[in-house]
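Report on the structure given below.
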Protein chains: 2
Amino acid sequence: MVVGMPRRSYAQYDAVARGLDVIGERWTLLIVRELAFGPRRYTDLHADLPGISTDVLAARLKELEADGVVERRTFAPAAPVRVYDLTDRGRELVPVVAALAAWGSPLLAAHQETDAVRHHWYLLPLAALVRELGGVVELRVEGSSCRVDLESMAVVPEAEPDAVVTIAAKIADELLAGRTTLATAIDDGHVIVQDS
Amino acid sequence: MVVGMPRRSYAQYDAVARGLDVIGERWTLLIVRELAFGPRRYTDLHADLPGISTDVLAARLKELEADGVVERRTFAPAAPVRVYDLTDRGRELVPVVAALAAWGSPLLAAHQETDAVRHHWYLLPLAALVRELGGVVELRVEGSSCRVDLESMAVVPEAEPDAVVTIAAKIADELLAGRTTLATAIDDGHVIVQDS
DNA sequence: CCGCATCCGCTTCGATACTG
DNA sequence: CAGTATCGAAGCGGATGCGG
């Protein structure tokens, strides 16, 4: 019988190091990214994290659960669907993910043929980009959408949005890679900002 | 002859994944943390990153240099001192580190005997904590200090601070672990906020 | 099918020793 | 001081197995 190992740690009395003890391992923050948009089942996560191996995904989910970032839930006994969801503490990580997304956006200029693509991956960096709009916005890119409080960069699914921002994936590319500006894209009608 | 390998990547067309391709490996973000406060020599870095092995530190510095986050400089030919420093692009990472520091602060409540401690590690999470003060503040904890623009959470060594905030390390512990509040600590005179 | 656990070859890490 | 060389241990990626 294997009794959980002592967990690897940087062993530094520092908030950054402690944070990395929880979300610093390979794949962990990308799992948080996936769950930022709502609960997902194991298979969905595996599908939207191309390259992760099954055992690593299972291990990370267990660690995140032990650290109070993720919780495992089972829906209706009639149709027992198992999903993973962020806890409140886990949702507080979204601004960290968003800050990294904002920093990483310029790196999207280098588009590799072998890169995987999912539409919902655009949402967080776009939130950082339209931050000047203020308030709560609902962002829509192709089929995917999410609601973000632009001040705190928190994802707030239940809040009523002040505006709905619709962006085509192609334009999202241009914006994130810095090949066009938000003002230009709005002027050209490629980004539609509609007050609710 | 070894010609640099193709670099491991998540191969996802996503800003978070791209960011992690650069700062997601073990130790990398902690190196950025160290350099957030100004240039450091190799030996200083090795001393303030207890647990990192020499070859990993050397490898990470090379990678960060290749990614334009860090630059290696040599001071005065008379006294050839080699230091590592953040580039402008690297400095833009400080808000990411600060966001993670803010999230990680509550984890400091669990203080292990074996944890390493450095005073300058308190500065960034404290900046997040006193953010309501606004403007540019100079934070002082024991011998260490740094200047932070509280709106952007950027470190701005050259800017004149609007206020100087002095905190004893012991009080910093209490604040970060959430065992006392900023208002209380200011009332009790343990945190001194002095306008410049 | 869904939700993992097991196995296996490869890469990365950590500790120490060594060098210009 | 500023790294490189070496080597055992741990982590990872891919394929496969398997109960519910």
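Below, chain A is the first sequence line, B the second, and so on; all start at residue 1.
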- Query: Do A/Lys62 and A/Glu65 meet the salt-bridge criterion of a basic N to acidic O distance under 4.0 Å?
  - Reply: no
- Query: Atom CZ of B/Phe75 to atom P of D/dC1: distance rounded to whole Å?
  - Reply: 17 Å
- Nucleotide D/dC12, atom C1' - distance to CG of A/Leu57 in whole Å: 14 Å
- Of the listed nucleotides C/dG3, D/dC12, C/dC4, the one nearest the side chain of A/Arg60: D/dC12
What's touching nucleotides 15-20 of chain D from the protein side, N or O pairs under 3.5 Å?
unit_1	atom_1	unit_2	atom_2	d
D/dA15	N6	A/Thr54	OG1	3.4

- Task: Quick one: sort the B/His119 and B/Tyr122 rings into parallel, tilted or perpendicular, breaks at 30° and 60°.
- Result: tilted
- Message: Can a donor-acceptor pair be found, under 3.5 Å and without considering hydrogens, that links the side chain of A/Tyr10 to the backbone of B/Leu30?
- Response: no
- Message: With a cut-off of less than 4.0 Å, is there a side-chain N or O of B/Trp27 near OP1 or OP2 of C/dC13?
- Response: no
- Note on the structure: note: A/Leu61, atom CG; C/dA5, atom P; distance rounded to Å ~ 11 Å
- Message: Using a strict threshold of under 4.0 Å (side-chain N to carboxylate O), is an ion pair present between B/Arg91 and B/Asp88?
- Response: yes
- Task: Decide, yes or no, whether a salt bridge links B/Asp21 with B/Arg8 under the criterion of side-chain N to carboxylate O below 4.0 Å.
- Result: no
- Message: Quick check on D/dT4: is either OP1 or OP2 less than 4.0 Å from any side-chain nitrogen or oxygen of B/Tyr42?
- Response: no
- Ionic contact status for B/Arg60 with B/Asp67, cut-off 4.0 Å: no
- Using atom CZ of B/Arg82 as one end and atom P of C/dG20 as the other, report the distance to the nearest whole Å. 16 Å
- Item | salt bridge (charged side-chain N to carboxylate O under 4.0 Å, His left out) partners for B/Arg140, two or more places apart | B/Glu138
- Task: Taking only the side-chain nitrogens and oxygens of B/Arg26, find out if one of them lies under 4.0 Å from OP1 or OP2 of D/dG11.
- Result: no
- Taking 4.0 angstrom as the limit, do A/Arg73 and A/Asp85 come out as a salt bridge? yes
- Message: Expressed as a whole number of angstroms, how long is the span from A/Leu45:CG to C/dC4:P?
- Response: 10 Å
- Message: Could you tell me how far apart B/His46 (NE2) and C/dA17 (P) are, to the nearest whole angstrom?
- Response: 14 Å
- Message: Looking at A/Arg41, I'd like to know whether one of its side-chain N or O atoms comes within less than 4.0 Å of OP1 or OP2 on C/dC4.
- Response: no
- Query: Does A/Arg118 make a cation-pi contact with B/Tyr13, if we ask for NZ or CZ under 6.0 Å from the ring centre and within 45° of the axis?
  - Reply: no
- Measure the distance from CG on B/Asp44 to C1' on D/dC1 and round it to the nearest whole Å. 11 Å
- Within the structure, does a side-chain N or O atom of A/Arg8 lie under 4.0 Å from either OP1 or OP2 of C/dG14? yes
- Does D/dA2 have OP1 or OP2 sitting under 4.0 Å from an N or O in the side chain of B/Lys62? no
- Do we get A/Arg18 above B/Trp103's six-membered ring, with its NZ or CZ under 6.0 Å from the centre and within 45° of the axis? no
- Atom-pair distance (CD1 on A/Ile52; C1' on C/dC4), nearest Å: 13 Å
- Which angle, rounded to 10°, do you find between the first-five-pair axis and the last-five-pair axis of the helix from C/dC1-D/dG20 to C/dG20-D/dC1? 30°
